[in-house]
Protein chains: 2
Amino acid sequence: MSQCDVGYHRRMARWQPDARGRLEAAAFELFRERGFEQTTVADIAARAGLDKRTFYRLFGDKREALFSGSGHVEEVLVQAVTETDAGPFEAVVAAFRRVAEELFADRLELVRARQAIIESSPELQERELRKTGSLAAAVTAALRARGLDETTATLATESGATVFRVAYARWVAPGSDAPLSDLIAEVAAELRAITSAPTETP
Amino acid sequence: MSQCDVGYHRRMARWQPDARGRLEAAAFELFRERGFEQTTVADIAARAGLDKRTFYRLFGDKREALFSGSGHVEEVLVQAVTETDAGPFEAVVAAFRRVAEELFADRLELVRARQAIIESSPELQERELRKTGSLAAAVTAALRARGLDETTATLATESGATVFRVAYARWVAPGSDAPLSDLIAEVAAELRAITSAPTETP
DNA sequence: CGTCCGGATGTCGCTATGTGACATCACTCG
DNA sequence: CGAGTGATGTCACATAGCGACATCCGGACG
């Protein structure tokens with residue numbers, strides 16, 4: 001947490017121009033070229049013109065180089081949930097739609113490439129799961145700050161996150177063209193249909 | 001996958017009496033005594049009277065020693081979902097209740113100890129997330145085998161899993177005494193309440 | 001009975017992860 | 001100009017995880 005969403009100190013900006021950013025870029029390139037497991041932290045550092053040890057000072061982990069955006073997502077999510085009066089589930093869904101519009105909308109290709117990398121490595125999948133979980137915790141906390149009880153907040157968050165995941169999977173899948181935000185709204189409606197009808201025997 | 005749910009070959013049973021089981025037990029003890037990160041694979045193997053290399057032949061990972069039960073959970077879950085005619089969400093919830101009764105009911109203390117270990121280590125949390133995810137994938141597949149479409153199956157599974165997680169958290173928390181199965185039913189009802197009311201502005 | 005076979009285990013060695021301790025270097029401030 | 005501060009590099013090290021090879025056991029078979 002500490003070293004991961006700091007960005008970089010103002011002081012250091014001209015000293016080493018965006019070391020963190022260069023490492024992220026180098027990692028992304030190498031992961032695409034050789035795959036995650038075939039890439040060494042030393043390789044990444046070398047391509048960025050830095051040392052292995054510097055990488056570990058800026059990222060806690062080899063995996064973290066791929067997940068720097070999650071801090072930003074959390075900000076948007078928490079703010080959106082905090083600023084609305086809608087019911088818990090609706091608030092979370094709306095927050096995810098806002099993330100979709102502000103952070104993902106015009107980056108389909110980039111997101112697809114990133115997703116391909118993640119899907120190629122179990123380790124990265126685990127990390128993504130953890131990031132998602134910590135995002136969820138933040139959203140739940142924001143909901144609770146609005147006066148909701150723990151269980152309601154958790155259920156709303158998790159349901160909203162599920163909706164997002166399904167919509168995201170559709171969006172990232174090849175051949176999709178609908179905007180993510182619209183997909184989220186659709187999936188949310190489907191969820192309601194499934195959970196609200198307690199009976200049905202096909 | 002390959003070496004992890006094999007159990008142990010019949011042939012080897014008397015050859016090395018339950019090497020796998022002894023390693024699991026040794027790992028569990030050591031994780032409780034010193035913590036996960038302070039425990040070395042060599043330590044675990046030594047306590048079981050075996051070699052580090054043998055550990056890696058039976059488990060893919062240091063973490064895997066704690067997650068051998070998940071194969072069994074998957075079996076019960078898939079079977080329960082397959083054998084029922086109920087609607088997707090109900091089917092998943094019912095399956096989790098069955099798991100609760102058959103696999104967790106009389107092991108509260110053990111489950112608590114295990115949970116404490118997992119919560120003390122981010123690495124283990126990630127692995128648990130992954131296990132949960134793979135369980136979910138299996139359930140979704142079982143649902144699809146019943147003729148449901150991908151999205152419905154996924155939403156039902158994920159919602160059911162969310163219900164389980166919340167109920168499980170309540171059950172494991174100190175001071176709880178209600179049976180897990182009952183808690184699951186309660187939480188499922190709460191989820192319905194949240195998602196089925198599209199409007200509300202407090 | 002002896003021998004040979006196959007699977008389980010041990011041994012050795014190696015690469016890569018991640019970290020602590022210490023040295024350096026550039027820049028800034030007094 | 002000298003001291004201090006923060007970013008970086010260097011070195012050493014414990015551990016994870018894995019490939020290759022040696023070994024050892026019980027059982028099948030002549």
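None of the values given here were measured: they were computed from a predicted structure. All chains are named by letter (A, B, ...) in the order of the sequence lines, taking the proteins before the strands, and each is independently numbered beginning at 1.
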From CZ of A:F59 across to P of C:dT17 the rounded distance in Å is 15 Å
Out of D:dT8, D:dG9, C:dT9, minimum distance to the side chain of A:D51 belongs to D:dG9
Picking from D:dA16, D:dT8, C:dT17, the nucleotide nearest the side-chain atoms of A:T40 would be C:dT17
Here the distance between atom C1' of D:dG9 and atom CZ of A:F55, to the nearest Å, is 17 Å
- Query: Does the pair B:T195 and A:T195 meet the rule for a side-chain hydrogen bond (donor to acceptor under 3.5 Å, both in side chains), with working shown?
  - Reply: CA-CA 7 Å; B:T195 53; A:T195 53; 2.8 Å; yes
To the nearest angstrom, the CG-P distance between A:L50 and C:dC25 comes to 17 Å
Find out whether the Lys NZ or Arg CZ of B:R20 is both under 6.0 angstrom from the six-membered ring centre of B:F59 and within 45° of the ring's axis.
-> yes
Winner on side-chain proximity to A:K52, out of C:dG10, C:dT17, D:dT10, is C:dT17
From CG of A:D18 across to C1' of D:dT8 the rounded distance in Å is 16 Å
To the nearest angstrom, the NZ-C1' distance between B:K62 and D:dC18 comes to 17 Å
To the nearest angstrom, the CG-P distance between A:D43 and C:dT15 comes to 14 Å
Verify side-chain hydrogen bond (donor to acceptor under 3.5 Å, both in side chains) between A:Q79 and A:E75, making sure each step is shown before the conclusion.
CA-CA 6 Å; A:Q79 198 191 347; A:E75 283 176 29; over 6 Å; no
Margin query: Strictly distance-based, threshold 3.5 Å: is any side-chain N or O of B:R130 a donor or acceptor partner for the main-chain N or O of A:E126?
Written below: no
Looking only at C:dA16, D:dG19, D:dA16, the nucleotide nearest the B:R53 side chain is D:dG19
### Distance-only donor-acceptor test, B:R57 side-chain atoms vs D:dG17 base atoms, 3.5 Å
no
Atom CZ of B:R127 and atom P of D:dG17 are separated, to the nearest Å, by 8 Å
**Q.** Any B:T54 side-chain nitrogen or oxygen under 4.0 Å from OP1 or OP2 of C:dT9
**A.** no
Separation of D:dA16 atom P from B:E64 atom CD, nearest Å, is 15 Å
Please determine if a side-chain N or O atom of B:Y56 lies less than 4.0 Å away from the OP1 or OP2 oxygen of D:dC18.
no
Is NZ or CZ of A:R114 both nearer than 6.0 Å to the six-membered ring centre of A:F67 and within 45° of the ring axis? yes
